[in-house]
Amino acid sequence: MAALQRAAVTFQQLFDGSPQAVLSTDSQGIITRANRGFESVFGYSAEHISGSHNCDMIVPEEMVLEMTTIRQTILSGKSVHKETRRKHKNGKLIPVSLLGFPILINGTVEGIFYVYQDITERKELEDQLYRKAFYDSLTGVPNRILFMERLGRAVARQKRKKQFCFAVFMIDLDRFKWVNDTMGHPAGDILLEQAAQRFLCSVRSVDTVARLGGDEFAVLLEDISDSKEIIAIARRIRNEAAKVFKIKGNDIHISSSIGIVINTSFYSRAEDILRDADIAMYRAKATGKSRYKVFSKKLHEMTHDALQLENDLKEAVEKNQLQLYYQPVVCAKSEKIKGFEALLRWSHPTRGMISPVNFIPLAEENGLIIPIGQWVIEEACRQLKKWHLSTEFARHMSMSVNISSRQFMHNDLEQTIINALDAVELSPDFFVAELTESSVMEKPESVIGQLNRLKKTGIRIAIDDFGTGYSSLAYLKRFPLDYLKMDKSFVDEINANHENMEIAKAIITLAHNLDLKVIAEGIERMEQLEALRCLDCNFIQGYYYSRPVDGLQASQLIEGWGDI
């Protein structure tokens, strides 16, 4: 009896002193005893709940069936250990670790012991770690890891259930870099947050919007087969991105380019789907931005062709397959050659002559434009020096070289030009660097310093394609320029189109007021030449005088012109 009493006292102390919530019930689920830990965890007084049913006190209504299954398992003589949720007296749900085991008396199950441990802190920490690992910290949407996991599950599900369909979007924010560069990264972060919320509002609750990095987002549309609905969602996303963003009191206008993969049944890897959505997105961006493009076999072939072209271009640079053509720039009044514009050409060994429109953007993207641009500068200077030495007529001719936007921002541009000029002992007066209007006006404040450094070398600077961009007259006045090159689009119908005539007149007047010379491009007919002469245009360039020709033909052109 003494031993039994000691055992009973020990058990009671263990029962009452445990910080965990301990509850005992009979075989019907009626509470027979609860400890102080139960009071602390669930808020009920132990003495007031005796005789109540366990399900009525702490089991949420939606988990009664689970509780019934647990009780039946324990009554069969087995223990149960699992994580679940239980209800506090105030109605709040608490995540708990539950241990349930049978009360055996003489081999018979007479009741059940339940031990509950509040795991709220651990669950919150797990949730924080999970969100840190699988969600974007800035926008709160899933990150690349979670997106690829869900996309992989969708691929696997489609293999099991042929009727299950899904689609994938890749989204890139157009002009995001401009926002970052002009307004700062905090503004860019706000833009990303707002864009993510707009995209979430554009899709269904079952869909996934993820930020993959930078300004790239992805969308997974699950259990969707109607292509019209898919396109409608793409349009909603595009329209949401096009709406004005309010950031730091400023109205910001951007757009989005979207690549879409609809026919996903042929894929076995999530990575391949994302790759093709990315290809379609870049195609949408290349065709004008603020557009969506559906991936197709033709698009795949185009991408494969572009990749092959990129590899061929690298080889062309290594094997000196590139060459320069030259088009004369002629004085409008005297019709004497003022100089030449050097134009890059690529004679592919199997594809023939490839247009610069097809390979210059490629070179810009992969960085080859830097070594290519250096070669162009050096070769153009060498050729001009040869002409200067060949005849008296050519000694005052200049050479214009197109400078790409990436090349313009490269730190070594001034030194590259100086080295090329020094190598052939050519005066910088004869070198004209042509920059597109868009490349200098995208970030005008930051390019003024670069333009001034170029100007200090003694070279001339021209703005190419003038009139097609959005030049600020205030900046134009501050730029150290020598020439404006009027875009061909204003010359085409200058005689028949009154508006083109007035624009050309305005450009020429503006240039002369700023003490700049004007070069008109694209002259093909005598009447265009006469019209521009009447407007006091300085120089003419176009097929009327000559198409771009190779170095030998240009030399012959100089000799023939000099004899006139």
Side-chain angles (χ1 to χ4, degrees), residues 7-105 109-137 139-143 146 150 197 200 205-206 208:
V9 170
T10 301
F11 171 78
Q12 189 64 43
Q13 289 177 351
L14 179 63
F15 185 88
D16 290 337
S18 173
Q20 297 173 320
V22 183
L23 182 73
S24 64
T25 71
D26 61 17
S27 58
Q28 302 302 313
I30 302 302
I31 298 172
T32 57
R33 184 185 296 178
N35 70 347
R36 287 192 294 272
F38 185 89
E39 295 179 4
S40 176
V41 172
F42 294 107
Y44 290 101
S45 171
E47 58 190 48
H48 290 146
I49 64 170
S50 293
S52 303
H53 199 286
N54 186 24
C55 284
D56 296 335
M57 303 304 294
I58 63 170
V59 180
E61 185 178 345
E62 68 274 13
M63 308 194 80
V64 170
L65 181 60
E66 179 206 64
M67 187 64 232
T68 302
T69 303
I70 291 173
R71 187 163 60 85
Q72 289 173 348
T73 301
I74 297 173
L75 290 175
S76 70
K78 299 177 183 178
S79 296
V80 173
H81 189 193
K82 69 172 299 179
E83 292 182 0
T84 184
R85 289 176 296 158
R86 289 297 178 259
K87 184 174 61 178
H88 190 274
K89 183 180 180 181
N90 62 14
K92 179 183 177 182
L93 295 182
I94 305 171
V96 296
S97 171
L98 178 152
L99 172 63
F101 55 91
I103 299 174
L104 293 171
I105 299 177
V109 178
E110 297 289 344
I112 299 173
F113 271 123
Y114 294 104
V115 181
Y116 298 98
Q117 182 175 0
D118 186 346
I119 57 173
T120 299
E121 288 186 7
R122 176 163 68 82
K123 283 295 182 183
E124 288 177 349
L125 179 59
E126 287 177 356
D127 185 60
Q128 289 174 12
L129 293 174
Y130 179 82
R131 293 198 66 82
K132 189 173 182 179
F134 296 108
Y135 284 81
D136 178 53
S137 59
T139 62
V141 299
N143 61 14
L146 183 54
R150 291 182 180 178
Q197 292 306 309
L200 284 171
S205 59
V206 297
T208 299

S.K.: Sequence neighbours excluded, which residues qualify as side-chain contact (heavy atoms from CB on, under 4.5 Å) partners of D127?
M.R.: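 For D127, the residues satisfying side-chain contact (heavy atoms from CB on, under 4.5 Å) (neighbours in sequence not counted) are R131.
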S.K.: Nearest 0.5 Å please: distance from the CD atom of Q72 over to the CE atom of M67.
M.R.: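 These two atoms lie 10.0 Å from each other.
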S.K.: Quick check: closest heavy atoms across D118 and P95, and the distance to 0.1 Å?
M.R.: OD1-O, 3.6 Å
S.K.: Between atom CD1 of I112 and atom OG of S27, what is the distance when rounded to the nearest 0.5 Å?
M.R.: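 Rounded to the nearest 0.5 Å, the CD1-OG separation comes to 8.0 Å.
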S.K.: Under 4.5 Å between any side-chain heavy atoms of L98 and V115, yes or no?
M.R.: no
S.K.: I need the single residue from I94, L93, L99 that forms a side chain to side chain contact (heavy atoms under 4.5 Å, CB included) with V96. Which is it?
M.R.: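 The side chain to side chain contact (heavy atoms under 4.5 Å, CB included) with V96 is passed solely by I94 among I94, L93, L99.
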S.K.: Nearest 0.5 Å, what's the CD-OG1 distance between E110 and T32?
M.R.: 11.5 Å
S.K.: How about T25 and I30: do any of their side-chain heavy atoms sit closer than 4.5 Å?
M.R.: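 Result no, sub-4.5 Å side-chain heavy-atom pair not found.
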S.K.: May I have all residue pairs that pass side-chain hydrogen bond (donor to acceptor under 3.5 Å, both in side chains) and include part of residues 48-64, sequence neighbours excluded?
M.R.: none
S.K.: Side chains of T84 and E66, heavy atoms from C-beta outward: is any pair under 4.5 Å?
M.R.: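 A side-chain contact under 4.5 Å exists here.
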S.K.: Do T208 and L146 have side chains that approach each other closer than 4.5 Å (heavy atoms only, starting at C-beta)?
M.R.: no
S.K.: Taking all non-hydrogen atoms of both residues, which atom of V64 and which atom of C55 are closest, and how far apart?
M.R.: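 Heavy atoms of V64 and C55 come nearest at CG1-SG, 4.5 Å.
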S.K.: Do E83 and R122 sit within salt-bridge range, that is, some charged N less than 4.0 Å from a carboxylate O?
M.R.: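 Between R122 and E83 there is a salt bridge, with a charged N closer than 4.0 Å to a carboxylate O.
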S.K.: What distance do R85 atom CZ and I58 atom CD1 have between them, rounded to the nearest 0.5 Å?
M.R.: 13.5 Å
S.K.: Any heavy-atom pair between the side chains of K132 and S137 that's under 4.5 Å?
M.R.: no
S.K.: Does anything in residues 56-105 pair up under ring pair (Phe, Tyr, Trp, His ring centres under 6.0 Å), and if so which pairs, sequence neighbours excluded?
M.R.: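 Residue pairs passing ring pair (Phe, Tyr, Trp, His ring centres under 6.0 Å), neighbours aside: F101-F113.
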S.K.: Ignoring hydrogens and geometry, is there a side-chain-to-backbone donor-acceptor pair from S40 to R36 under 3.5 Å?
M.R.: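 No; zero donor-acceptor contacts below 3.5 Å.
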S.K.: With the threshold set at 4.0 Å, does a side-chain nitrogen-carboxylate oxygen contact exist between E39 and K89?
M.R.: no
S.K.: Decide yes or no on side-chain hydrogen bond (donor to acceptor under 3.5 Å, both in side chains) for R33 and S24, but give the supporting numbers first.
M.R.: CA-CA 5 Å; R33 184 185 296 178; S24 64; 5.1 Å; no
S.K.: Would you say N35's side chain and V22's backbone share a donor-acceptor pair under 3.5 angstrom?
M.R.: yes
S.K.: Could you state the interatomic distance from CD1 (I70) to OG (S79), rounded to the nearest 0.5 Å?
M.R.: 12.5 Å
S.K.: On the 0 to 90° scale, with breaks at 30° and 60°, tag the Y116-Y114 ring pair as parallel, tilted or perpendicular.
M.R.: parallel
S.K.: Got a second to check how far I103's CD1 is from L75's CG, nearest 0.5 Å?
M.R.: 10.0 Å
